[in-house]
Amino acid sequence: MKRYILILFIALFFLPSCKKTVDNPTSGTATINNVLKMDPVIQDYYSYGFLFSAGKLVTSHGTPPPDINIINDGSLGNLIFEANNLENSFYRVGQFSSAATAKSVFDNLTAPAVMQWVASADSLKENQIWLYKSGNDHYSKLRIISTVSEVRESRNYAECTFEWVYQPDGSLTFPGK
């Protein structure tokens with residue numbers, strides 16, 4: 001009997017150490033929009049943005065909040081990425097004539113040279129490549145795949161699908177393909 005108790009004790013001791021660590025993705029494709037939803041608990045509107053360090057959509061009420069959100073300023077469908085860090089956080093690498101060219105440049109962009117960061121990614125269009133710098137100096141590269149700018153339910157709707165790669169080590173060097 002003592003032997004079974006000892007085995008059970010040892011098994012219970014080692015059981016918590018068998019947890020599998022979940023690594024956040026460092027690349028993928030995401031779609032964000034500017035749809036507002038009402039939080040019934042705090043009686044406030046929220047939206048979803050993208051958090052690169054977690055590799056997923058998170059709410060504007062979340063902790064941490066999203067790195068980027070999208071807005072439509074209403075002037076001829078101008079779509080804008082905004083950062084939550086109140087710093088100059090965006091750099092447009094370029095606008096390309098085709099999806100194939102943009103994809104090739106994106107995949108081969110391993111050590112970009114940034115001339116000057118700007119506060120927001122303005123005039124988002126398909127086949128653009130952008131760099132994003134977070135408030136704690138971690139970097140992501142984004143390739144705009146598609147955008148939607150229209151009026152929905154009497155409101156300027158914005159949507160953007162993008163491919164992204166996050167660099168968790170804090171360098172501005174990305175793996176090549």
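In this chain, numbering begins with 1 at the start of the sequence shown.
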So, the side chain of [X] versus the backbone of [Y]: is there a donor-acceptor pair under 3.5 Å, distance only?
X      : Y      : value
Gln95  : Glu126 : yes
Ser120 : Asp122 : no
Asp39  : Asp44  : no
Ser171 : Asp169 : no
His138 : Asn136 : yes

Do Val114 and Ile129 share a hydrophobic cluster, counting only Ile, Leu, Val, Met, Phe, Trp and Tyr and linking them when any side-chain heavy atoms are less than 4.5 Å apart?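 Hydrophobic grouping puts Val114 with Ile129.
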Interatomic distance, Lys103 atom NZ to Ser98 atom OG [nearest 0.5 angstrom]: 13.0 Å
Nearest-0.5 Å distance, CZ of residue Arg92 to CD of residue Gln116: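 So the gap between those two atoms works out to 14.0 Å.
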Hey, does [Y] have a side-chain heavy atom less than 4.5 Å from the side chain of [X]?
X      : Y      : answer
Thr101 : Asn127 : no
Thr173 : Tyr139 : no
Asn69  : Asn34  : no
Val151 : Asn156 : yes

I need the minimum non-hydrogen distance between Pro65 and Val58, along with the two atoms involved. C-CG2, 4.0 Å
Counting neighbours of CD1 on Ile42 that are heavy atoms of other residues, nucleotides or ligands and sit closer than 6.0 Å, is the number greater than 12?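 Result for CD1/Ile42: enclosed.
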Transitive ILVMFWY cluster of Leu79, excluding itself - 4.5 Å side-chain cut-off: Ile32, Tyr46, Tyr48, Phe50, Phe52, Leu57, Ile68, Ile70, Phe81, Phe90, Val118, Leu124, Trp130, Tyr132, Leu142, Ile144, Phe162, Trp164, Tyr166
Using a 6.0 Å distance limit plus a 45 degree cone around the ring axis, check whether Lys133 lies over the aromatic ring of Tyr91. no
What pairs with Thr31 under side-chain hydrogen bond (donor to acceptor under 3.5 Å, both in side chains), at least two apart in sequence or on another chain? Thr161
